[in-house]
Amino acid sequence: MKIENIDTWILRVPFLRETADFDDAHHELIGVTVHSEGLTGMGYSFITDHAGGTSVKALLDDLLVPSVLGRDASQPERIWNAMEELTHRMGTGINRFAMASIDIALWDLKAKSNGHSLAAEIGQITDDVPVYGSGKAGGRLSVDELVRLSQEYVDSGFDAVKIRVGRDLGEDPARIAAVRSALGEHVKIMIDANERLSYSSALSLGRQLAEHDIFWFEEPVVYTDRRSHLELARHLPMPIVGGEHHCSSAEFLDYVTERAFAMVQPNVCMVGGVTEMVRIMHLADAQGVGFAPHLMTDLNIHLAAATNSTVYVEYFPFLEPYTTNRLEIAHGRATVPTTAGHGIEFTDETFTKHRIA
């Protein structure tokens, strides 16, 4: 399956109002379309909140795309390793976003060529996965909005929702109490501080919210501070989770083996694509740590179906207005798509309206 051509593009789509921390927050999706033997594979990475996608596209256009043209598209792992060797002196960061776009496209193409879904291609072991409602709990929402949107998730069949905290520590206990009171004791509530807190403030907030039976405390402090994660895990009753800003399986290793994270939350775009996500899944599985991948729901459904370590998949529907596919969700579980490849397809209108490069 010779790679004959690769198109690169950027889509700039607005953030959900219910999540945005500021006006005009947006996602930039940096994508590639790989062509081989009459088939195409599509992959994308993202930069959120601010601009910057053109830097990823430049790395693709100038270095990575030329390096993979003519190679065998049926060997995504081999191509991933070649891209890593080519960019490893950049560290981890922008190169992983660029690698992810190509790697995801190659896995999509490989699965299509074999007539498999992405889940089946990487080793599917279940037909559905648990999901929790996310993306509609921003810190700028009023308490009434927060309760209403959380209740909408529960009314739609979800048994768990995630609430953002850390914007105003004085208000957070009352906001979480209101959601707990409205949803009842049987719905799981996760909290996410988006790395806003210091160790002491995270410890204090966690203790205050413990009475509301918090299922996990996500990103309480900056992701590089392993010691604080360890101490919070020792002193708080709820599990400490994180990892959406880790860029490789190696960056997860100490957090997993030392139990700084009870569950890992890698982002498939941040770590460089499906190839590296599979390594992280195996690490979590081998160490008895949970897998709860971050944000990219339509891709993560496939990954989560191929490991025993899955706890939850984040259902964050920011792409729904722009794609033709819809996930089937019932009783708090999402059915794994069976169409060939990952099944994600952006509408023509999306490219017309939102393409910036």
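All values below come from the heavy atoms of this structure, side chains included, with hydrogens, waters and symmetry mates left out.
R12 places none of its side-chain heavy atoms less than 4.5 Å from the side chain of H354. T40 has its side chain within reach of K112: a pair of non-hydrogen atoms, C-beta onward, lies under 4.5 Å apart. Taking the side chain as every heavy atom from C-beta outward, H27 and F318 approach each other to under 4.5 Å. The closest side-chain heavy-atom distance from L86 to S67 is below 4.5 Å. Put simply, the side chain of H26 does not reach to within 4.5 Å of the side chain of F15, judged on heavy atoms. Side-chain contact between K110 and Q75 is absent, with no heavy-atom pair separated by less than 4.5 Å. Two residues are said to be in side-chain contact when any heavy atoms from C-beta on lie closer than 4.5 Å; L197 and L169 meet this criterion. Side-chain contact between S117 and P337: absent, with no pair of heavy atoms (C-beta onward) separated by less than 4.5 Å.
Of the possible donor and acceptor atoms, none in the side chain of S156 sits under 3.5 Å from a partner among the backbone N and O of V154. Without hydrogens or angle criteria, E251 side chain to C247 main chain gives a donor-acceptor distance under 3.5 Å. D192 places no side-chain N or O within 3.5 Å of a backbone atom of V165 that could act as its donor or acceptor partner. Side-chain N or O atoms of D108 include one that pairs as donor or acceptor with a backbone N or O of M42 at under 3.5 Å. Of the possible polar contacts, none joining the S36 side chain to the L39 backbone as a donor-acceptor pair under 3.5 Å is found. Under a 3.5 Å cut-off, the side chain of R180 and the backbone N or O of D213 do form a donor-acceptor pair. Here the side chain of E28 pairs a donor or acceptor atom with the backbone of G53 at under 3.5 angstrom.
Ring geometry, H246 versus Y223: the interplanar angle falls from 30° to 60°, so the pair is classed tilted.
Taking the six-membered ring for Trp and the full ring otherwise, the centers of Y44 and W9 sit at least 6.0 Å from each other. Aromatic pair F261/Y255: ring centres closer than 6.0 Å.
The distance from atom CE of M83 to atom CZ of R96, rounded to the nearest 0.5 Å, is 9.5 Å.
Side chains of E345 and N325: a donor-acceptor N/O pair is absent below 3.5 angstrom, by distance only. In summary, the side chains of S134 and E314 do present a donor paired with an acceptor at a separation below 3.5 Å, with no hydrogens or angles considered. Side-chain atoms of S45 and S101 include a donor-acceptor pair closer than 3.5 Å. A donor-acceptor pair shorter than 3.5 Å can be found between the side chains of S198 and S201. Side-chain polar atoms of D7 and T33 form no donor-acceptor pair below 3.5 angstrom. In this structure, a donor-acceptor pair under 3.5 Å is absent between the side chains of N81 and E85. Looking only at atom types and distance, the side chain of T350 has a donor-acceptor partner in the side chain of T347 under 3.5 Å away.
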Given the rule in the side chain to side chain contact (heavy atoms under 4.5 Å, CB included) test, do I163 and M190 qualify, once you have shown the distances and angles that lead to the verdict? CA-CA 6 Å; I163 308 299; M190 300 85 156; over 6 Å; no
Please report the C-alpha distance between D298 and H342 in whole Å, then the side-chain angles of each, then the deciding distance to 0.1 Å, and finally whether the side chain to side chain contact (heavy atoms under 4.5 Å, CB included) criterion is met. CA-CA 8 Å; D298 303 278; H342 53 50; over 6 Å; no
Evaluate side chain to side chain contact (heavy atoms under 4.5 Å, CB included) for V147 paired with D144, printing each intermediate quantity in order. CA-CA 5 Å; V147 169; D144 288 344; 5.9 Å; no
Quick one: do F316 and M296 satisfy side chain to side chain contact (heavy atoms under 4.5 Å, CB included)? Show the steps, please. CA-CA 7 Å; F316 196 125; M296 316 302 287; over 6 Å; no
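Under a hydrophobic clustering in which Ile, Leu, Val, Met, Phe, Trp and Tyr are joined whenever their side-chain heavy atoms come within less than 4.5 Å, directly or via other members, L183 and F217 fall into the same cluster. Hydrophobic clustering places V221 together with L209 (ILVMFWY residues linked when any side-chain heavy atoms are closer than 4.5 Å, directly or through intermediates). The same ILVMFWY cluster, assembled from side-chain heavy atoms under 4.5 Å apart, contains both V68 and V32. Hydrophobic cluster membership is shared by M277 and I344, with clusters built from Ile, Leu, Val, Met, Phe, Trp and Tyr side chains linked at under 4.5 angstrom. Linking ILVMFWY side-chain heavy atoms closer than 4.5 Å, directly or via other members, places I104 and F346 in a single hydrophobic cluster.
In this structure, D348 places its CG atom where only 12 or fewer heavy-atom neighbours from other residues, nucleotides or ligands lie under 6.0 Å away. Annotation for R355: atom CZ counts as buried by contact number, over 12 foreign heavy atoms lying within 6.0 Å. The local environment of CZ in R140 is crowded, with over 12 non-hydrogen atoms from other residues, nucleotides or ligands closer than 6.0 Å. Counting heavy atoms of neighbouring residues, nucleotides and ligands inside a 6.0 Å radius, atom CG of D49 exceeds 12 of them.
Electrostatic pairing of E37 and K2 does not count as a salt bridge here, judged by no charged N lying under 4.0 Å from a carboxylate O. Using a cutoff of 4.0 Å between basic side-chain nitrogens and carboxylate oxygens, R333 and D159 are not scored as salt-bridged. R196 has a carboxylate O that lies under 4.0 Å from a charged side-chain N of D21, or vice versa, which qualifies the two as a salt bridge. A salt bridge links K57 with D61; the closest basic N to acidic carboxylate O contact falls under 4.0 Å. A salt bridge is defined here as a Lys NZ or Arg NE, NH1 or NH2 lying under 4.0 Å from an Asp or Glu carboxylate O, and R164 with E218 fails to meet this definition.
Taking the ring centre of W80 as origin, the terminal cationic atom of R71 falls outside the region bounded by 6.0 Å and 45° from the ring axis. Cation-pi contact between K162 and Y132: absent, since separation from the ring centre below 6.0 Å together with deviation from the ring axis within 45° is not met.
Sorted by first and then second residue, the ring pair (Phe, Tyr, Trp, His ring centres under 6.0 Å) pairs with a member in residues 151-178 read Y153-F158, F158-Y315; sequence neighbours excluded. Applying the ring pair (Phe, Tyr, Trp, His ring centres under 6.0 Å) test to residues at least two apart or on different chains, none of the pairs has a partner in residues 280-304.
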